[in-house]
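Positions are given from 1, in the same order as the sequence printed here. The shown structure was predicted, so the numbers you read here are calculated from the model rather than taken from an experiment.
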Amino acid sequence: MGRSTASGAGSGVGGTETGQEGRPRPAAGLAHRVPDLGAMELLLAVARLGSLGGAARELGITQPAASSRIRSMERQLGVALVDRSPRGSRLTDAGALVTDWARRIVEAAEAFDAGAQALRDRRDSRLRVAASMTIAEYLLPGWLVALRTQLPDTAVSLLAGNSAAVAERLLAGEADLGFVEGVSVPTGLDSAVIGHDRLIVVTAPGHPWARRGRPLEAAELAATPLILREKGSGTRQVLDAALGGLARPLIELSSTTAVKAAAVGGAGPSVLSELAVGEELTTRRLVSVPVADVVLARDLRAVWPTGHRPTGPARQLLSLTRA
């Protein structure tokens with residue numbers, strides 16, 4: 001008599017599959033076989049109060065809805081759980097046993113919920129922001145003041161740097177939300193436009209450009225040594241892209257404030273955010289020089305690691321920037 005083949009190994013009978021050790025296991029997952037937490041909480045309330053109506057009131061549902069949920073639970077488990085009578089509702093022997101199991105599951109769920117809340121509380125207790133210099137100096141202070149009125153217990157730390165440094169902080173997990181001013185979104189980050197900005201050419205009143213009667217040509221601007229931010233800054237990226245290249249910087253500085261101070265002091269012309277020079281233009285410490293045939297505009301963006309949408313305080317701050 002020949003030996004039977006093993007072609008049928010692992011196949012189940014009657015809706016079951018064979019596990020690694022030959023033990024049958026149900027084909028459906030636990031979610032299809034175990035009642036949900038709401039049904040278990042209802043059963044526990046019936047056991048405690050001795051009344052389906054009282055359990056329904058305690059959980060804020062109607063009595064018909066409670067009856068339907070118990071019947072559904074009984075069908076799912078294949079046993080009767082509650083005897084109903086005009087005098088109230090009483091657990092069956094099987095119901096009492098299921099109630100004991102349900103109590104342990106609900107207690108475990110409560111511990112799970114408490115742990116998750118502790119994680120949320122820890123997340124919400126701090127916010128780490130990384131921002132490029134112009135946004136950090138001229139926009140973020142107002143947003144953070146507004147955030148503090150909404151989340152007074154959240155400690156906020158700000159890391160200011162150029163747009164490249166902001167991307168590095170986010171990708172290294174050292175910041176929860178970032179803000180940049182460049183021409184493109186750094187690799188590995190998602191973004192949302194939160195505003196717009198314009199770069200303008202400025203000089204001290206004594207510079208020859210302050211007295212010229214016609215707009216500056218883009219080619220002349222590109223060929224002139226300027227007081228500039230360092231490579232990697234959003235301002236430098238936008239200017240370089242708009243002009244197709246720049247002359248070697250006259251001075252290279254790492255902050256908007258330093259560039260502005262050098263320009264006010266007469267060291268040479270510069271290109272700065274319109275946000276940064278409003279007061280200096282009003283008081284005539286700097287003069288705006290129009291440029292022909294080039295638009296020095298840029299988007300201001302909030303950024304975060306790809307696939308990780310801001311949550312908690314970071315999400316709240318993002319909503320404030322749009323307001």
Side-chain angles (χ1 to χ4, degrees), residues 130-139 160-171 178-189 191 193-278 280-281 286-301 303:
S132 53
M133 297 301 297
T134 300
I135 294 177
E137 292 182 70
Y138 300 100
L139 293 175
N162 60 39
S163 294
V166 170
E168 291 173 4
R169 295 279 193 178
L170 286 167
L171 295 174
F179 297 96
V180 297
E181 313 152 4
V183 294
S184 61
V185 180
T187 303
L189 301 181
S191 73
V193 175
I194 57 166
H196 306 280
D197 186 25
R198 187 168 70 97
L199 300 180
I200 58 176
V201 179
V202 293
T203 68
H207 192 276
W209 283 2
R211 298 186 296 274
R212 61 185 294 142
R214 55 187 174 79
L216 189 67
E217 296 295 329
E220 185 179 357
L221 178 61
T224 301
L226 303 170
I227 306 169
L228 294 175
R229 287 282 309 281
E230 78 287 2
K231 289 183 178 179
S233 73
T235 300
R236 181 86 167 256
Q237 292 173 8
V238 171
L239 185 60
D240 195 11
L243 299 178
L246 296 169
R248 185 174 180 177
L250 177 65
I251 306 173
E252 194 173 70
L253 299 167
S254 61
S255 76
T256 301
T257 299
V259 172
K260 182 168 61 173
V264 169
S270 184
V271 179
L272 287 165
S273 165
E274 196 170 33
L275 293 169
V277 294
E280 287 75 17
L281 293 175
L286 288 176
V287 176
S288 175
V289 181
V291 183
D293 303 324
V294 65
V295 177
L296 300 177
R298 61 182 178 179
D299 292 329
L300 306 179
R301 296 177 181 272
V303 289

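Contact of the Val287 side chain with the Leu281 side chain is not registered, since no non-hydrogen atoms from C-beta on lie closer than 4.5 Å. With contacts defined as side-chain heavy-atom distances shorter than 4.5 Å, the pair Tyr138/Glu274 does not qualify. Within the 4.5 Å cutoff, the side chain of Val180 has no heavy atoms near those of the Leu189 side chain. Under the 4.5 Å side-chain criterion, counting only non-hydrogen atoms from C-beta, Trp209 is in contact with Leu221.
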- Do Val294 and Leu296 pass the side chain to side chain contact (heavy atoms under 4.5 Å, CB included) test, and can you show the C-alpha distance, the side-chain angles, and the key distance before you say yes or no? CA-CA 6 Å; Val294 65; Leu296 300 177; 4.0 Å; yes
- Task: Could you please spell out the steps behind the side chain to side chain contact (heavy atoms under 4.5 Å, CB included) verdict for Glu230 and Leu253?
- Result: CA-CA 6 Å; Glu230 78 287 2; Leu253 299 167; over 6 Å; no
- Message: side chain to side chain contact (heavy atoms under 4.5 Å, CB included) for Val271 and Ile200? Distances and angles first, verdict last.
- Response: CA-CA 5 Å; Val271 179; Ile200 58 176; over 6 Å; no
- Query: Given the rule in the side-chain hydrogen bond (donor to acceptor under 3.5 Å, both in side chains) test, do Ser132 and Glu181 qualify, once you have shown the distances and angles that lead to the verdict?
  - Reply: CA-CA 7 Å; Ser132 53; Glu181 313 152 4; 2.7 Å; yes
- Message: side chain to side chain contact (heavy atoms under 4.5 Å, CB included) for Leu272 and Arg229? Distances and angles first, verdict last.
- Response: CA-CA 9 Å; Leu272 287 165; Arg229 287 282 309 281; 5.7 Å; no
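Between the side chain of Thr256 and the main chain of Met133, no donor-acceptor pair closer than 3.5 Å is present. With hydrogens and angles ignored, the 3.5 Å screen pairs a side-chain donor or acceptor of Asn162 with a backbone N or O of Ala164. Panel note: side chain Arg198, backbone Ala297; no donor-acceptor pair is recorded below 3.5 Å. Of the possible donor and acceptor atoms, one in the side chain of Arg211 sits under 3.5 Å from a partner among the backbone N and O of Gly206.
Taking all atoms of both residues into account, the shortest heavy-atom contact from Ala210 to Thr203 is CB-OG1, 3.7 Å. Contact between Pro225 and Ala247 at its shortest, heavy atoms only, is N-CB, 4.1 Å. Between Ala130 and Arg169, the shortest heavy-atom contact is CB-CB, 4.2 Å. When all heavy atoms are compared, the tightest approach of Ala263 to Ser270 is CB-CB, 4.3 Å. Counting all heavy atoms, side chain and backbone alike, Leu250 lies closest to Gly268 at CD2-CA, 4.0 Å. The nearest pair of heavy atoms linking Gly266 to Ala204 is CA-CB, 3.9 Å.
Under the 3.5 Å distance criterion, with hydrogens and angles disregarded, a donor-acceptor pair is assigned to the side chains of Glu137 and Thr257. Inspection of the Thr235 and Arg298 side chains reveals an N or O donor paired with an N or O acceptor under 3.5 Å.
With respect to Leu300, the side-chain contact (heavy atoms from CB on, under 4.5 Å) criterion is satisfied by exactly one of Thr134, Val193, Ile135: Ile135. Screening Leu139, Val166, Val303, Ile194 for a side-chain contact (heavy atoms from CB on, under 4.5 Å) with Phe179, the sole residue that qualifies is Ile194.
Taken to the nearest 0.5 Å, the OG atom of Ser184 stands 11.0 Å off from the CG atom of Asp299. Interatomic distance, Leu171 CG to Thr187 OG1, rounded to the nearest 0.5 Å: 9.0 Å.
Comment: Lys231 does not engage Glu252 in a salt bridge, judged by the lack of any side-chain N to carboxylate O separation of less than 4.0 angstrom.
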